[in-house]
Undergrad: 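I'd like to ask some things about the structure below.
Naming convention: chains lettered A, B, ... in sequence-line order (proteins, then strands); numbering from 1 in each chain. No experiment lies behind these values; they were computed from the predicted model shown.
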Number of protein chains: 4
Amino acid sequence: MGARLTRRITARGVERRNQLVTEATRLFAQRGYHSTSVADIVGSLGVGKGVFYWYFDSKEALFVHILRTGQQELRRLQDAAIAGETDPIRRIELGLRASITWADERPELSQLVQFAANDSLFADRVRRGEEIAVADVAAHLQEAIEAGRIHHDDPVMLAHAMVGTLGHLYRTFVQGAGRDATEVADDLVSFCLYGAFGKQP
Amino acid sequence: MGARLTRRITARGVERRNQLVTEATRLFAQRGYHSTSVADIVGSLGVGKGVFYWYFDSKEALFVHILRTGQQELRRLQDAAIAGETDPIRRIELGLRASITWADERPELSQLVQFAANDSLFADRVRRGEEIAVADVAAHLQEAIEAGRIHHDDPVMLAHAMVGTLGHLYRTFVQGAGRDATEVADDLVSFCLYGAFGKQP
Amino acid sequence: MGARLTRRITARGVERRNQLVTEATRLFAQRGYHSTSVADIVGSLGVGKGVFYWYFDSKEALFVHILRTGQQELRRLQDAAIAGETDPIRRIELGLRASITWADERPELSQLVQFAANDSLFADRVRRGEEIAVADVAAHLQEAIEAGRIHHDDPVMLAHAMVGTLGHLYRTFVQGAGRDATEVADDLVSFCLYGAFGKQP
Amino acid sequence: MGARLTRRITARGVERRNQLVTEATRLFAQRGYHSTSVADIVGSLGVGKGVFYWYFDSKEALFVHILRTGQQELRRLQDAAIAGETDPIRRIELGLRASITWADERPELSQLVQFAANDSLFADRVRRGEEIAVADVAAHLQEAIEAGRIHHDDPVMLAHAMVGTLGHLYRTFVQGAGRDATEVADDLVSFCLYGAFGKQP
DNA sequence: AATGAATGAGCGTTCATTCAT
DNA sequence: GATGAATGAACGCTCATTCAT
C-alpha cells in the first residue's frame with residue numbers, strides 16, 4: 001500500500017522518519033489533528049516540506065501510522081502483563097493496570113486515540129482496535145462466568161463497561177488532574193469488580 | 001457574547017435561527033465539525049451566507065451554542081428525573097437512566113458533545129459541564145456514604161467512573177449497535193452499583 | 001455538473017464569469033494550459049483566488065467549458081454556412097471555408113482545441129467532437145458518391161483527410177505565417193477536391 | 001550545449017542513457033510529458049534520481065533529445081526511401097509512405113512529436129523540423145511543376161497540405177483505429193495526388 | 001557513477017468571514 | 001433581513017532540481 005513501503009531507506013532516513021513521527025505525535029496531541037498542519041510539523045523540525053512526503057504518503061497516512069503503532073504497543077503490553085496468570089479475574093485486573101500504565105507513559109498516544117475515536121475519518125479504525133481489546137477482556141470474563149465466579153450473561157457488555165471506565169478515569173484523573181496512575185488503577189479495578197458498593201469485607 | 005446578543009429578533013428571526021441550529025447540528029453530527037462548512041449549512045437551507053452571520057458571530061460560536069443548549073437540556077432532564085426522590089442511590093440510578101434516555105432521543109447532540117470533549121477548541125467547555133454533572137452524582141454518593149450505605153472515600157472518583165461507563169455503553173450499544181436504550185440502562189445501573197461480580201442475591 | 005449549475009447568478013456575476021472565461025482563454029492560448037495557473041488568471045484580472053472557484057469547479061472544468069463552447073460555436077457556423085445549399089460538394093466547400101473563418105476569428109479557441117487533442121486529459125473529448133464534424137462531411141461525400149460524382153469507397157477516410165489538411169494549413173499559414181484566411185481557404189478547397197495535380201482545365 | 005556533452009561516458013554509461021531514453025519515451029507517450037515526473041522515470045527503472053541528472057541536464061533537455069532523435073530518424077528513412085528515384089512524383093509518394101511506416105513502427109515517437117507541436121515549450125523546435133521535411137517535398141513538387149506535370153503556383157502550400165493529411169490520417173486510422181498502415185498509405189497518396197475526386201481513369 | 005535525502009517554490013483548492021447592494 | 005460576490009490566508013501536496021555521501 002503505497003510507494004513508501006518499497007522505498008529503500010538508510011539509517012539516516014530511519015532517524016528522520018522517527019523524528020517526524022515523534023514531532024507529529026507531539027503536535028497532534030497538543031493542538032489536535034486538524035489544527036496541526038504539515039507545515040507546522042516540518043517547520044518545527046526545521047526541514048523542508050518535501051521531507052514529509054518523502055517518508056509518508058499523506059498527513060492522514062502518518063496519523064494512521066501513529067494510531068496503529070500505539071494500539072499495537074498497548075496490546076503487546078497487555079499480553080505481556082497477563083502472561084502466565086491463570087486466574088481470569090487477575091488477568092482482567094492486570095490488563096486494566098497495564099492499560100493505565102501505558103497511557104501514563106504515552107499520554108500523547110492515548111490522547112490521539114481518543115480524538116481519533118470521535119473523528120469520522122478514523123473512528124472505524126479505532127473502533128476495530130477497541131473491539132479486539134474488548135474481546136480479550138470478554139474472554140477472561142467468559143472463563144470466570146463458566147467457573148461460576150461471576151454471575152452475568154453478557155461478558156461483552158461488561159468488558160465495554162470496564163473499557164469505558166478505564167478511559168474516563170485515566171483522562172480525568174491522570175491526564176487531567178495529574179493524579180498518580182497506580183492509585184487511579186486501584187480505584188479502577190475496585191470499581192470494575194465491585195461497583196460503587198465496593199468490596200464487601 | 002457579542003453584537004448578536006443585543007440584536008432585536010423578530011418571530012421570523014427566531015425561526016430562522018432555529019433552522020440554522022437544527023441544520024448545523026444535523027450536519028456537524030453527520031460529517032463532523034471540521035468537515036462541515038458554513039457554506040454547507042446555509043446551502044442545505046437554501047439561504048445566503050449572510051444569514052449565518054446575521055444570527056451567529058462565527059461557526060465556532062454556533063457550535064458552542066449548540067453545546068451549551070445540549071448540556072442545559074440534559075441537566076434539566078436529570079433534575080426532573082430525580083425530583084422528589086429521597087433515596088440517594090435511587091437518585092443516582094434515575095440520573096443515569098435519564099442521561100441515557102436523553103442521549104437516545106438526542107443522538108446528534110450527544111455525538112457533538114463527545115467530539116467536543118476531544119477537540120482542543122471545545123474540550124475545556126465540555127469538561128466544565130461534565131464537572132457539574134459529576135458534582136451532582138458525587139453529592140448523592142456523599143449522602144449515601146454518610147448514611148453508611150456505601151463504603152468509599154472518594155465520591156468524585158466514583159462519580160467519574162459512572163459517567164465514563166455511561167458514555168461508553170451508550171456509544172457502543174445504543175449508538176453503535178442499535179440496542180434498546182432501556183436495556184442498556186439496566187446493565188449500566190447494575191455495573192455502576194455492583195461491578196462485574198454483580199448484585200449478590 | 002456540480003453545485004455551480006444550480007447557483008443563482010446575478011448580472012454582475014455573469015459578467016465576472018465571462019471575464020474569467022475570456023482571460024483564461026487568452027492565457028491558455030498564450031502560455032499553454034499547464035503553464036497557466038489559476039493564480040495567473042485571477043491575478044491578471046486583479047481579483048482574489050476565491051472568485052475563480054465561485055464560478056468554476058476547477059481549472060479543468062473551466063478548460064472543458066471553453067472547449068465545449070468553441071466546438072459548439074464552430075458547429076453552428078458550419079451548419080449556418082451550408083444551410084440551403086443542395087449541392088453536396090458545395091456543402092463541403094462551404095463547411096471547409098466556414099471552419100477556416102471561425103479559426104481565423106477565434107484563433108485562441110482553435111489553438112486550445114489543438115492542444116487539447118494532444119493532452120491525455122482532454123483528447124477523448126476533442127476526438128468525440130471531431131467525429132461529429134467528420135460525420136457531417138462524410139455524409140455530404142456519401143451523397144456525392146451515390147450521385148456518381150465522386151469515385152471513392154471510403155467517405156470517412158476522405159473526410160478525415162480533409163479535416164487534417166484544414167487544420168494543418170490553418171495552423172501553418174494563417175496562424176503561423178499570417179496569410180489571409182480566404183486565400184488559404186481557396187487552396188484548401190482546391191487541394192481537398194483535386195489534390196496536387198490540381199483541377200483539370 | 002551543457003556539461004553533459006563534454007562528459008566522457010563509458011560503454012555501461014551509454015547503456016544507462018539509452019535505458020533512460022527508452023523508458024522516458026514510453027512514459028511520455030503513455031501519460032504525457034507534464035504528467036510524467038522524473039521520479040516516475042527513474043523509479044520505473046529502479047535507479048536513483050541522481051542517475052537522471054548525471055546523463056541529462058533537465059527533463060526538458062531529455063525530451064528535446066528524444067524529439068531530435070525522432071526527427072533525424074524519420075528524415076534518414078525518408079532519404080533512404082527515395083534514393084535513386086528520379087521521378088519527383090514517385091519521390092513524394094515514397095516519402096509519404098516512408099513517413100507512415102516510420103510512425104507505425106515508432107508510435108511513441110510520433111505521438112511525442114504531435115504533443116510537442118502543441119506545447120509552447122517545444123512548438124518552435126517541431127515547427128523547424130517540419131519546415132525541413134516540407135522543404136524536401138516542396139523541392140520535389142517544384143521539380144514536377146517545372147516539368148509541367150503539376151499546375152500549381154505554391155509548392156510549399158501543397159507540401160504542407162500533404163504533411164497535414166499524413167499526420168491526421170495516421171493518427172486517426174493507424175494509431176486510433178488500428179488500421180493497416182500500408183492501406184492507409186494508399187489512401188493518403190491517392191488523396192494527396194488527386195483529391196476527393198480521385199484519379200481520373 | 002550512483003544513491004537516497006532534502007529543498008522550496010509553486011500548485012489547485014478550501015473556507016471562514018466581510019460587504020455592497 | 002438577506003443576498004450573492006469577493007477576499008486571501010492557509011492548506012495538503014508535487015516535483016524539478018541539488019547535494020552529501
Undergrad: Is a side-chain N or O of A/Ser44 found less than 3.5 angstrom from the main chain of A/Ile41, in a donor-acceptor match?
TA: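 Not at all, since once roles are kept as given, no pair shorter than 3.5 Å links the two residues.
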Undergrad: Rounded to whole Å, please give me the gap between CG in A/Leu62 and P in F/dG12.
TA: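 So the two atoms are 12 Å apart, to the nearest Å.
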Undergrad: Ignoring backbone atoms, establish whether C/Tyr55 has a side-chain N or O less than 4.0 Å from OP1 or OP2 of F/dG4.
TA: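 Checking C/Tyr55 against F/dG4: no side-chain N or O falls below 4.0 Å of OP1 or OP2.
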Undergrad: Measuring from atom CZ of C/Arg26 to atom CD of C/Glu23, what distance do you get when rounded to the nearest 0.5 angstrom?
TA: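 Rounded to the nearest 0.5 Å, the CZ-CD separation comes out at 4.0 Å.
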Undergrad: With side chains defined as the heavy atoms from C-beta onward, is the minimum distance between A/Asp124 and A/Arg128 less than 4.5 Å?
TA: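 The answer is yes, as the side chains (C-beta and beyond) meet within the 4.5 Å cut-off.
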Undergrad: Determine the contact category for D/Gly50: base if any of its heavy atoms lies under 4.0 Å from a base atom, sugar-phosphate if only primed atoms, P, OP1 or OP2 are that close, otherwise nothing.
TA: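 Here D/Gly50 touches the bases of the nucleic acid.
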Undergrad: In whole angstrom, what separates B/Leu45's CG from F/dT3's C1'?
TA: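 So the CG-C1' distance, B/Leu45 to F/dT3, works out to 14 Å.
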Undergrad: Does a side-chain N or O from A/Trp54 land closer than 4.0 Å to OP1 or OP2 of E/dA5, or not?
TA: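 It does, given that an N or O in the side chain of A/Trp54 lies less than 4.0 Å from OP1 or OP2 of E/dA5.
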Undergrad: Where the side chain of B/Arg17 meets the backbone of B/Tyr55, is there a donor-acceptor pair that is under 3.5 Å apart?
TA: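 Answer holds: yes.
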Undergrad: Does C/Arg12 make a side-chain N or O approach to OP1 or OP2 of E/dA20 shorter than 4.0 Å?
TA: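 So the side-chain polar atoms of C/Arg12 never come under 4.0 Å of the phosphate oxygens OP1 or OP2 of E/dA20.
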Undergrad: Would you kindly give the CZ-to-P distance between B/Phe56 and F/dG1, to the nearest whole Å?
TA: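 Answer to the nearest Å: 13 Å.
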Undergrad: For D/Phe28 and D/Phe115, I'd like to know if the aromatic rings sit close, meaning centre-to-centre distance below 6.0 Å.
TA: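 D/Phe28 vs D/Phe115: aromatic centres not under 6.0 Å.
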Undergrad: Would you please confirm or rule out a distance under 4.0 Å between OP1 or OP2 of F/dT3 and any side-chain N or O of C/Thr10?
TA: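 C/Thr10 to F/dT3 OP1/OP2: no side-chain N or O under 4.0 Å.
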Undergrad: Rounded to the nearest Å, what distance is computed from the CG atom of residue B/Leu27 to the P atom of nucleotide E/dA16?
TA: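 Going from B/Leu27 (CG) to E/dA16 (P), I get 12 Å.
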Undergrad: Anything under 30° is parallel, anything over 60° is perpendicular, the rest tilted; go ahead and classify A/Tyr33 against A/Phe122.
TA: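 Ring orientation of A/Tyr33 relative to A/Phe122: perpendicular.
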Undergrad: Is any side-chain heavy atom of B/Leu109 less than 4.5 Å from a side-chain heavy atom of B/Glu73?
TA: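 They are in side-chain contact.
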Undergrad: Please write out the pairs of protein N or O atoms and N or O atoms of nucleotides 10-13 of chain E separated by less than 3.5 Å, giving the distance to one decimal.
TA:
from: E/dG12; atom 1: OP1; to: C/Lys59; atom 2: NZ; distance (Å): 2.6
from: E/dG12; atom 1: OP2; to: C/Val38; atom 2: N; distance (Å): 3.0
from: E/dT13; atom 1: OP2; to: C/Tyr53; atom 2: OH; distance (Å): 2.6
from: E/dT13; atom 1: OP2; to: C/Lys59; atom 2: N; distance (Å): 3.0
from: E/dT13; atom 1: O5'; to: C/Tyr53; atom 2: OH; distance (Å): 3.3
from: E/dT13; atom 1: O4; to: C/Lys49; atom 2: NZ; distance (Å): 3.0

Undergrad: Tell me, do D/Val47 and D/Arg16 make a side-chain contact under 4.5 Å, heavy atoms counted?
TA: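 SC-SC contact between D/Val47 and D/Arg16 confirmed.
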Undergrad: Taking a pair as Watson-Crick (N1 to N3 plus N6-O4 or O6-N4) or G-U wobble (N1-O2 and O6-N3), both under 3.5 Å, which stems of 3 or more consecutive pairs involve DNA chain E?
TA: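 When the pairs of DNA chain E are grouped into runs of at least three, the stems are E:2-21 with F:2-21.
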Undergrad: Spell out, as yes or no, whether a donor-acceptor pair under 3.5 Å connects the side chain of A/Gln111 to the backbone of A/Ala29.
TA: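 A pair under 3.5 Å: yes.
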Undergrad: Would you find a donor on one side and an acceptor on the other, under 3.5 Å apart, between the side chain of D/Asp40 and the backbone of D/Ser37?
TA: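 Between the backbone of D/Ser37 and the side chain of D/Asp40 there is a qualifying donor-acceptor contact (under 3.5 Å).
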Undergrad: Using heavy atoms to find the nearest nucleotide of DNA chain E for D/Gly48 and A/Val47 separately, return the residue whose nucleotide is more 5′.
TA: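 The answer here is D/Gly48.
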Undergrad: Could you give the CG-to-C1' distance, from A/Leu20 to E/dA6, as a whole number of Å?
TA: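 About 12 Å, once rounded to whole Å.
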Undergrad: If you compare every side-chain N and O of C/Arg16 against the phosphate oxygens of F/dA6 (OP1, OP2), does one of them come in below 4.0 Å?
TA: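 Checking C/Arg16 against F/dA6: at least one side-chain N or O falls below 4.0 Å of OP1 or OP2.
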Undergrad: For atom P, what is the distance between F/dT21 and E/dA1, given to the nearest Å?
TA: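 To the nearest whole Å, 22 Å.
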Undergrad: A/Arg17 has an atom CZ; how far is it from atom P of E/dG4, in whole Å?
TA: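 Going from A/Arg17 (CZ) to E/dG4 (P), I get 16 Å.
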Undergrad: Would you mind reading off the distance between D/Arg31 atom CZ and F/dT14 atom C1', rounded to a whole angstrom?
TA: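 It works out to 15 Å between those atoms.
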